[in-house]
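Step one of this worksheet: look at the structure below.
Quick caveat, the model's predicted, so the values are computed rather than measured.
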Amino acid sequence: MCGIVGYVGSRSAADIIIEGLERLEYRGYDSAGLAVLNGQGIERRRSVGKIQNLAAQVAVSPLVGGVGMGHTRWATHGAVTEDNAHPHTDGDGIVAVVQNGIVENYRALKAELEAAGVAFRSQTDTEVIAHLIARHYQRGQRSLADAVRLTLAELEGPSAVVVMSSLEPGLLVAGRVGHAGAVVIGLGEDENLVASDTLALMVHTRRVVYLEHGEVASVTAADVSVCDLAGRALHKDVATLSGDPVQAAKQGYRHFMLKEIYEQPQSLTDALRGRVDLDSDQVILPDLRGMEPVFPHLRRLHAVACGTAWHACLMAKFMIEDLARLPVEVDYGSEFRYRNPLLEPGSVVLVITQSGETVDTLAAMEAAREKGMQSIALVNVVGSQAARLADGVIPLNAGPEIGVASTKAFTSQVLASFLLGIYLGTRRGVLERDQRAALLAEVGRLPGLVGELLADGSDYARIARQYMHCEHFLYLGRGMNYPIALEGALKLKEISYIHAEGYPAGEMKHGPIALIDESMPVVAICPDDRVRSKMLSNIEQVKARGGRVIAVATEGDDEVGDKADDVIWIPAAGPYMTPLLAVVPLQLLAYHIAVLRGCDVDQPRNLAKSVTVE
């Protein structure tokens with residue numbers, strides 16, 4: 001969710017911070033601010049709305065200095081106001097802090113501080129941190145790093161903070177407790193940076209250090225030192241970032257989301273690259289080799305995720321149960337961590353996440369680890385917390401996904417689940433070589449088929465124009481296309497703010513049929529598969545009640561074409577790849593409706609790319 005950028009060096013901190021925050025806009029936010037040490041003290045600029053509002057303030061009233069930090073806030077405690085925007089300071093303006101996360105015990109801490117005479121100027125939990133640090137700091141009688149350590153030990157809930165003080169002007173202190181999102185330190189030449197996302201660092205350096213739970217870093221232009229909450233020095237390995245920051249640019253597309261939809265032939269190719277051996281008809285997943293002794297005796301997978309990734313978990317259930325004959329239970333991360341799940345011996349937790357920083361997913365991994373369970377992560381950000389916590393990793397290789405509403409990461413998650421199904425089926429001895437050969441031939445055609453689908457010139461804008469004023473949609477699918485119906489509905493509601501529901505089509509008569517009339521379009525996923533006749537029956541039932549149908553159907557299916565009001569055609573493919581072809585038109589339909597409604601496609605209201613608080 002929130003973005004953090006800090007800088008220590010000889011260049012203009014404000015310029016670097018604003019540029020870094022702009023690179024993190026995809027995470028979602030509703031206000032922004034920065035603070036700079038100007039030689040006399042801490043000077044702040046804060047604004048509601050987009051970063052350009054903040055940049056305009058700084059252009060009128062510049063901030064001069066080489067040490068500073070900035071933040072984009074997504075409101076959790078307190079309204080969207082300038083007073084609630086970060087950074088927050090203590091009462092004397094000596095300490096400034098930015099935070100990602102939630103202070104779960106902030107009410108008790110705030111009451112204690114107020115009783116001691118502290119006056120609060122915001123409604124946020126973050127301001128509590130500033131006053132606690134100031135109390136421990138004792139106006140420089142204790143080091144800033146020690147004050148931060150002592151404060152973090154008092155906090156309940158996940159928090160990632162960056163702090164600076166006018167009394168130690170060449171220093172930033174960063175700390176992290178729990179899973180409140182990443183804290184990454186970028187190592188430069190005579191300068192260092194701190195950020196919540198490597199994307200803000202890559203234009204300056206590729207050498208980074210990741211902070212883990214319970215670690216505090218003191219960052220100057222010349223040095224970085226890390227200790228634990230007890231003050232013991234820690235050795236930290238330096239990682240080297242890969243990837244091209246140019247990929248984060250729109251490259252001529254109107255929106256990042258549209259660019260990422262059209263990148264799917266490449267992202268799917270990259271998800272397959274190096275993982276399919278056609279000579280032996282094998283799937284190769286090298287980052288799972290350490291877990292291979294577990295797989296022949298595996299009894300169950302617990303698939304855990306949130307949002308779009310949860311829909312990928314449902315797809316994984318269909319695929320892995322079919323291909324590996326292995327039971328798969330699917331949980332929301334937020335439910336898994338609280339429902340005391342039965343994690344019996346012989347089970348492995350499978351987490352699916354784009355960012356690798358979603359707090360509920362990470363908490364599920366920790367809960368599983370506490371019970372002695374191993375975990376596999378399907379994750380797009382290789383240096384993320386999920387990737388570091390997991391016993392085995394399948395990188396999605398989708399590249400940076402900037403649009404808040406996931407598109408290419410979802411299709412890569414599903415494709416990786418398919419490969420995992422073949423991999424497990426082979427090691428469990430339930431998939432013969434001829435079966436694998438047919439499956440791998442099917443998946444090998446997928447990137448090309450998606451490319452054909454994106455190049456066919458279907459008039460999504462025309463269809464979108466017909467339905468853009470509707471306020472309710474119903475999406476129907478059967479089998480593996482049921483999770484695709486859920487995902488299509490989620491995409492529409494995320495970016496167009498239209499209420500949409502996904503349903504298994506066989507359940508239509510058990511409630512949703514009561515809603516159907518000419519004002520509620522039904523999107524029917526009706527490819528040429530083994531339940532096509534059942535879906536045709538659903539379409540007829542909708543039409544009999546005056547409903548309008550947008551069908552996603554296999555090219556050349558005239559019967560569907562005759563029954564539906566509008567049809568989006570997809571190429572013919574095998575049963576496992578057809579759902580991946582069906583979801584692409586639903587992404588484009590949602591996109592075009594949202595654009596026509598004037599919505600902020602890349603940064604929908606109230607949503608964040610990486611949800612790092614409950």
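- The OG atom of Ser417 lies 4.0 Å from the CD1 atom of Ile352; values are rounded to the nearest 0.5 Å.
- You'll find the side chain of Leu420 reaches within 4.5 Å of the side chain of Leu288, heavy atoms only.
- The aromatic rings of Phe418 and Tyr576 sit tilted relative to each other, their planes meeting at an angle between 30° and 60°.
- Across all their heavy atoms, Asn481 and Ala582 have their closest contact at OD1-CB, 4.3 Å.
- Under a 3.5 Å cut-off, the side chain of Thr72 and the backbone N or O of Gly3 do form a donor-acceptor pair.
- At least one side-chain heavy atom of Leu378 sits less than 4.5 Å from a side-chain heavy atom of Leu350.
- When atom types are taken as modelled, the side chain of Tyr460 and the backbone of Ile568 share no donor-acceptor pair closer than 3.5 angstrom.
- Without hydrogens or angle criteria, Glu442 side chain to Met577 main chain gives a donor-acceptor distance under 3.5 Å.
- A salt bridge is defined here as a Lys NZ or Arg NE, NH1 or NH2 lying under 4.0 Å from an Asp or Glu carboxylate O, and Arg369 with Glu366 fails to meet this definition.
- Between Phe336 and Ala364, the shortest heavy-atom distance links the atoms CD2-CB, 3.4 Å.
- Closest of all the heavy-atom pairs between Ile185 and Val219 is CD1-CG2, 4.1 Å.
- A heavy-atom distance below 4.5 Å is found between the side chains of Phe410 and Ile484.
- Side-chain contact check for Asn397 versus Arg273: every heavy-atom pair is 4.5 Å or farther apart.
- Here the NZ atom belonging to Lys50 is positioned 9.5 Å from the CG atom belonging to Asp30, to the nearest 0.5 angstrom.
- By the 4.5 Å heavy-atom criterion applied to side chains, Asn84 and Ser31 are not counted as neighbours.
- To the nearest 0.5 Å, atom OH of residue Tyr482 and atom CD1 of residue Ile525 are 11.5 Å apart.
- Closest approach of Ile495 and Cys599 over heavy atoms only: O-CB, 3.1 Å.
- Without hydrogens or angle criteria, Asp600 side chain to Gln603 main chain gives a donor-acceptor distance under 3.5 Å.
- To the nearest 0.5 Å, the span separating OG1 on Thr411 from CG on Leu268 amounts to 4.5 Å.
- No hydrogens or angles considered: a donor-acceptor pair under 3.5 Å links the side chains of Asn380 and Gln354.
- Contact detail for Thr269 and Pro447: the closest heavy-atom pair is OG1-CB, 3.3 Å.
- Side-chain atoms of Ile498 and Arg597, non-hydrogen and from C-beta on, do get closer than 4.5 Å to each other.
- We find that Arg462 and Asp566 are joined by a salt bridge, their nearest charged nitrogen and carboxylate oxygen being less than 4.0 Å apart.
- With Lys491 contributing its side chain and Ser496 its backbone, the two residues share no donor-acceptor pair below 3.5 Å.
- For the pair Leu323/Leu424, no side-chain contact is recorded, criterion being any heavy-atom separation below 4.5 Å from C-beta on.
- With rounding to the nearest 0.5 angstrom, the CD atom of Glu471 is 13.0 Å from the OH atom of Tyr497.
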Inset, instruction - Check the pair Ile284 / Arg289 against side chain to side chain contact (heavy atoms under 4.5 Å, CB included), numbers first and verdict last. - result: CA-CA 9 Å; Ile284 303 165; Arg289 283 177 181 151; 4.1 Å; yes
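- Between Val523 and the choices Leu476, Leu586, Leu474, the side chain to side chain contact (heavy atoms under 4.5 Å, CB included) rule is met once, by Leu586.
- For the side chain to side chain contact (heavy atoms under 4.5 Å, CB included) with Leu258, the lone residue among Asp602, Val601, Leu588 that qualifies is Leu588.
- Listed by chain and number, the residues in a side-chain contact (heavy atoms from CB on, under 4.5 Å) with Ser375 are Val349, Met365, Ala390, Asp391 (sequence neighbours excluded).
- Side chains of Glu487 and Thr308: a donor-acceptor N/O pair is present below 3.5 angstrom, by distance only.
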Legend entry - side chain to side chain contact (heavy atoms under 4.5 Å, CB included) between Leu272 and Leu419, worked out: CA-CA 8 Å; Leu272 292 171; Leu419 295 178; 4.0 Å; yes
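- Judged by distance alone, the side chain of Ser267 and the main-chain N or O of Ala398 form no donor-acceptor pair under 3.5 Å.
- Between the side chain of His213 and the backbone N or O of Val177, no donor-acceptor pair lies under 3.5 Å.
- Judged by distance alone, with hydrogens and angles left aside, the side-chain atoms of Arg73 form no donor-acceptor pair with the main-chain N or O of His86 at under 3.5 Å.
- Taking every heavy atom of both residues into account, Pro571 and Leu581 meet most closely at O-CD1, 3.6 Å.
- Looking only at side-chain heavy atoms (C-beta outward), Val183 and Val194 come within less than 4.5 Å of each other.
- Side-chain N or O atoms of Glu401 include one that pairs as donor or acceptor with a backbone N or O of Thr407 at under 3.5 Å.
- His71 places a side-chain N or O within donor-acceptor distance of the main-chain N or O of Gln99, the cut-off being under 3.5 Å.
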Legend entry - Step-by-step side chain to side chain contact (heavy atoms under 4.5 Å, CB included) determination, Tyr423 to Ile394: CA-CA 12 Å; Tyr423 180 89; Ile394 304 177; over 6 Å; no
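- For residues 578-589, every residue pair satisfying the side chain to side chain donor-acceptor pair (under 3.5 Å) rule, not counting sequence neighbours, is listed here: Gln264-Gln587.
- Taken to the nearest 0.5 Å, the NE2 atom of His592 stands 13.0 Å off from the CE atom of Met468.
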Inset, instruction - Walk me through it: do Glu494 and Met257 pass the test side chain to side chain contact (heavy atoms under 4.5 Å, CB included)? - result: CA-CA 12 Å; Glu494 281 182 318; Met257 182 179 178; over 6 Å; no
N/O donor to acceptor pairs below 3.5 angstrom from side-chain atoms of residues 313-320, sequence neighbours left out:
unit_1	atom_1	unit_2	atom_2	d
Lys317	NZ	Glu321	OE2	2.9
Lys317	NZ	Val328	O	2.7

